Amino acid sequence: MARTQLARPTDAPPIAHGGTEAATRSGGDSFPSPEELPHHVAIIMDGNRRWAREQGLSELEGHAAGVEAIRALLTHVVRRGVPILSLYAFSRENWARPDEEVVGLFALLEQAIRQETDELVANGVRVQLLGRLAELPAATQQSISEALAVTAGGERLLLNVAFNYAGRTELVDAVRRLVAAGIAPDEVDEEAVSNALYTAGQPDPDLVIRTGGEQRLSNFLIWQSAYAEFYTSPLLWPDFGPEAFDEALLEFARRTRRFGR
């Protein structure tokens with residue numbers, strides 16, 4: 001019987017989503033090698049406010065505890081050799097929260113940037129913002145811009161901070177860039193869209209982690225996460241530390257990724 005020849009679309013499967021299948025690991029194996037670990041991990045840091053209520057603290061104190069959790073985790077991520085980490089810090093939907101909380105979040109971000117920039121540089125971390133910087137208060141914009149410039153030489157970890165970010169807004173901004181560039185309709189493909197996103201030039205996330213027990217993307221990297229493995233942790237973000245991160249990496253290494261094959 002003659003073998004059927006299919007006329008496949010020229011852009012399927014996308015080269016960007018190619019890759020080899022991950023080998024299944026047994027529970028008794030040693031920690032995965034760097035080749036078996038995700039190259040890009042994205043984290044939805046959920047649970048600061050619930051953690052604060054459980055501790056009898058204010059919501060702002062819960063967010064401050066969340067910042068401390070980031071500090072502890074960053075050093076560990078660098079040690080594990082994960083090249084890219086994306087953190088969902090402030091969504092555009094968060095503008096709907098009370099003014100006091102939003103102002104407090106901006107103040108926490110500015111304080112964290114001032115206090116941690118030197119350590120980020122020492123650890124080889126380069127910071128990149130994902131989101132609409134121009135919509136933020138002037139002082140916040142300046143702090144972020146300074147951190148981006150000072151850490152630009154970091155080569156051990158690219159830290160994407162999604163602040164004033166929303167996945168649908170990112171796609172709107174990407175379409176606007178394509179239209180402004182005069183791209184013809186028949187030249188718009190997945191590669192063109194990817195190159196117009198905030199994450200242009202970066203590999204897509206291999207692993208998306210959400211803390212707090214929820215199981216949804218909440219408008220975070222919705223284009224980039226199309227082929228990502230999703231992992232949810234019951235831990236609230238301030239309690240999510242290096243050990244919990246390693247559990248997520250181990251689970252990733254045990255899975256087999258087929259990319260539709």
Side-chain angles (χ1 to χ4, degrees), residues 40-49 60 63-64 66-67 69-71 73-74 77 83-99 101-114 116-117 120 125-152 154 157-181 193-205 208-211 214 216-226 228 237:
H40 184 172
V41 177
I43 304 180
I44 302 169
M45 305 180 293
D46 194 13
N48 288 343
R49 297 195 295 177
L60 193 56
H63 292 307
V67 172
I70 295 173
R71 177 184 293 111
L73 186 62
L74 280 181
V77 172
I84 304 175
L85 178 67
S86 295
L87 301 178
Y88 203 5
F90 183 86
S91 73
R92 297 189 79 237
E93 290 84 356
N94 290 154
W95 286 100
R97 294 183 178 183
D99 289 354
E101 183 179 357
V102 173
V103 171
L105 284 168
F106 290 153
L108 276 175
L109 174 66
E110 293 171 35
Q111 180 181 19
I113 290 173
R114 288 194 300 270
E116 302 302 324
T117 297
L120 292 172
V125 178
R126 176 164 64 95
V127 180
Q128 178 167 319
L129 179 81
L130 309 182
R132 288 184 173 177
L133 178 63
E135 293 179 345
L136 299 176
T140 306
Q141 291 185 43
Q142 182 176 351
S143 296
I144 292 174
S145 297
E146 290 174 355
L148 299 183
V150 172
T151 66
L157 173 67
L158 171 58
L159 174 62
N160 291 318
V161 179
F163 202 90
N164 196 31
Y165 173 90
R168 289 184 174 182
T169 300
E170 180 179 22
L171 289 173
V172 169
D173 288 348
V175 171
R176 289 175 175 174
R177 290 190 185 97
L178 294 174
V179 172
V193 174
S194 294
N195 288 336
L197 297 174
Y198 303 149
T199 55
Q202 300 180 25
D204 291 338
V208 175
I209 300 171
R210 179 163 189 151
T211 63
E214 303 292 350
R216 57 182 179 272
L217 284 175
S218 293
N219 207 10
F220 182 48
L221 299 179
I222 52 178
W223 174 280
Q224 300 90 328
S225 298
W237 174 247

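All values derive from a computational prediction rather than experimental measurement.
- Atoms CG and CG, on Leu178 and Asp173 in that order, are 11.0 Å from each other to the nearest 0.5 Å.
- To the nearest 0.5 Å, atoms CD1 (Ile113) and CG (Leu120) are separated by 9.5 Å.
- In terms of heavy-atom proximity, Ala166 sits nearest to Asn219 at CB-ND2, 3.4 Å.
- Using cut-offs of 30° and 60° for the angle between ring planes, the Phe90 and Phe106 rings count as tilted.
- The distance from the CZ atom of Phe220 to the CG atom of Leu130 is 7.0 Å, given to the nearest 0.5 Å.
- Of all heavy-atom pairs between Ser194 and Trp223, the closest is OG-NE1, 3.1 Å.
- Contact record, Thr199 with Leu221: CG2-CD2, 4.4 Å, taken as the closest heavy-atom pair.
- The shortest heavy-atom contact between His40 and Ser86 is NE2-OG, 2.7 Å.
- The two residues Gly154 and Arg126 make their nearest non-hydrogen contact at O-CB, 3.6 Å.
- Between the CG atom of Leu108 and the NE2 atom of His63 there is a distance of 8.0 Å, given to the nearest 0.5 Å.
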Inset, instruction - I would like to know whether Ile144 and Val127 meet side chain to side chain contact (heavy atoms under 4.5 Å, CB included); could you show each step before the answer? - result: CA-CA 9 Å; Ile144 292 174; Val127 180; over 6 Å; no
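- No more than 12 heavy atoms of other residues, nucleotides or ligands shown are found within 6.0 angstrom of CZ on Arg168.
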